[in-house]
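To start, the structure itself, in structure tokens.
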There are 2 protein chains.
Amino acid sequence: MKPEGLVKQEHILEAAIKRFSHFGISKTTLTEIAEDLAISKPSLFYYFTDKNGLIAEVAKKIINEFLEKFENKLQSSSSVEAGLLSLVEVKRNHFKKYFLLAIQADGVDQLKVSNNLSEVYGEARKKTISLMSCLFKKGIEQGELKPMEVERTSVLIIDVLSSLDGCMKDKRFIPNINDFDAFFNKQEEVLKMLLNGLKSNTWKN
Amino acid sequence: MKPEGLVKQEHILEAAIKRFSHFGISKTTLTEIAEDLAISKPSLFYYFTDKNGLIAEVAKKIINEFLEKFENKLQSSSSVEAGLLSLVEVKRNHFKKYFLLAIQADGVDQLKVSNNLSEVYGEARKKTISLMSCLFKKGIEQGELKPMEVERTSVLIIDVLSSLDGCMKDKRFIPNINDFDAFFNKQEEVLKMLLNGLKSNTWKN
DNA sequence: TTTTTGACTTTTCAATCAAATGAGTCAGAA
DNA sequence: TTCTGACTCATTTGATTGAAAAGTCAAAAA
């Protein structure tokens, strides 16, 4: 595939993301995506092996966007607390932006989409853990936090946060953008509370 | 209904619980429950208004059992940490014992079962919050914890724990008793970490 | 040679309906 | 008061099918 091909592929991804995040994955057809781009449906198959392949690429794209934003915010964070809260902020915006697409909020069978996809999620998780671990390590070095197992702690916190994400999917009704805030506010609260126990300002060995 | 009637009702509840927790609510028929007890199906309707009524009573029964056990454990707890961990322990046993019945793990439509049922859950939640608040209050009085908003903190912690419960329901496969432990171990870890921030041993105003 | 498409086949899904199963009623027996 | 046989009604299940979507391919267009 030539360079122009990659541009086209990118256009397709964007069109797909628009539809997916607006109407959900299962409710958008390849024909619709093709029509949006004023091309024929078979063309899509030239750039992607099948619908699941397209979905997988979409997932990769928005996950990378998420990680990038988080990493950026993190760099401009002056404290561990600010860094942690930026994770919630980025998640909040991400969920609002991608709405239904908020991957798997829709009834998509993870495994069918691609064995690959679980890997993508796995990588994203690892990356997030690694970023948080770094944040903690720096916090410890600078005396903001007590010494502790940064990796283990990061995993735990990330698991708690994503289990709180899970609550959103319970909601029967169609997710309302405004309702998201309640969930993420709660996540902020939890983070602050957890952080409390990690801080060293009151800590004597 | 005479006193013997209540005994019989209790028998029915027990039979129902056996079936429900083994096969799930939607997979057990009233006929089966009646057969287990060697009575006729219409007899069930003498003691309960309908299947949903039966389900609601079952729910009440096991929720009360849960609260009782928690309250007992709590009384013999010597520290806030022991008290909190006893909550997880009781939950762990409860889930193992009632397996599929682990309320709503089965595909039961909450509202249909009875508007009443949501109230029952609401009451249980309130009660749990109240018990935990008490525990915290005592902990503060005895200098084990820093002063804080006990109610607010309890709500937050209970929400975190139950969102972690929620993860179990994601699991596609039939819940394996042994797998439960991983989930509850994680809950213990989280509790310990949260508790860290609440403790006063290192706290100066 | 790369990219695109019209015309095609195959798969998947939702609507329909009949049969079966389970929920729930009731008159009357114990 | 407690219980049941014989019933009705409602819901679920499975088979059928028609339509829509996914996916293929040979050949045209760039």
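Because the structure is a prediction, the values reported are computed rather than measured.
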Could you please spell out the steps behind the salt bridge (charged side-chain N to carboxylate O under 4.0 Å, His left out) verdict for B:Glu89 and B:Arg92?
CA-CA 5 Å; B:Glu89 194 197 331; B:Arg92 192 195 295 261; over 6 Å; no
Enumerate the residue pairs fulfilling side chain to side chain donor-acceptor pair (under 3.5 Å) with a member in residues 127-141 of chain B, sequence neighbours excluded, ordered by first and then second residue.
B:Ser133-B:Ser154
Measuring centre to centre across the rings, with the benzene-like ring taken for any Trp, is B:Phe95 within less than 6.0 Å of B:Phe184?
yes
D:dT4 phosphate, OP1 or OP2: any side-chain N/O from B:Ser40 under 4.0 angstrom?
yes
Proximity to DNA chain D (any heavy atom under 4.0 Å), residues of residues 12-20 of chain B only:
none
In whole angstroms, the gap separating P of C:dT1 from OH of A:Tyr46 amounts to 12 Å
For the residue pair B:Glu57 and B:Tyr47, confirm or rule out a side-chain donor-acceptor distance under 3.5 Å.
no
Who passes salt bridge (Lys or Arg N to Asp or Glu O under 4.0 Å) against B:Lys51, sequence neighbours left out?
none
Are any protein N/O atoms closer than 3.5 Å to N/O atoms in nucleotides 22-28 of chain C? If there are, list each pair with its distance.
{"unit_1": "C:dA23", "atom_1": "OP1", "unit_2": "B:Leu30", "atom_2": "N", "d": "3.4"}
{"unit_1": "C:dA23", "atom_1": "OP1", "unit_2": "B:Lys51", "atom_2": "NZ", "d": "3.4"}
{"unit_1": "C:dA23", "atom_1": "OP2", "unit_2": "B:Leu30", "atom_2": "N", "d": "3.0"}
{"unit_1": "C:dA23", "atom_1": "N7", "unit_2": "B:Lys41", "atom_2": "NZ", "d": "2.6"}
{"unit_1": "C:dG24", "atom_1": "OP2", "unit_2": "B:Lys51", "atom_2": "N", "d": "2.8"}
{"unit_1": "C:dG24", "atom_1": "N7", "unit_2": "B:Lys41", "atom_2": "NZ", "d": "3.3"}
{"unit_1": "C:dG24", "atom_1": "O6", "unit_2": "B:Lys41", "atom_2": "NZ", "d": "3.3"}

Under 3.5 Å between N/O atoms: give me all the protein pairs with nucleotides 26-29 of chain D, atom names plus distance.
none

The helix from C:dT1-D:dA30 to C:dA30-D:dT1: angle between terminal helix axes, five bp per end, to the nearest 10 degrees, reads 40°
Rounded interatomic separation in angstrom, taking CD from B:Gln9 and P from D:dC3:
12 Å
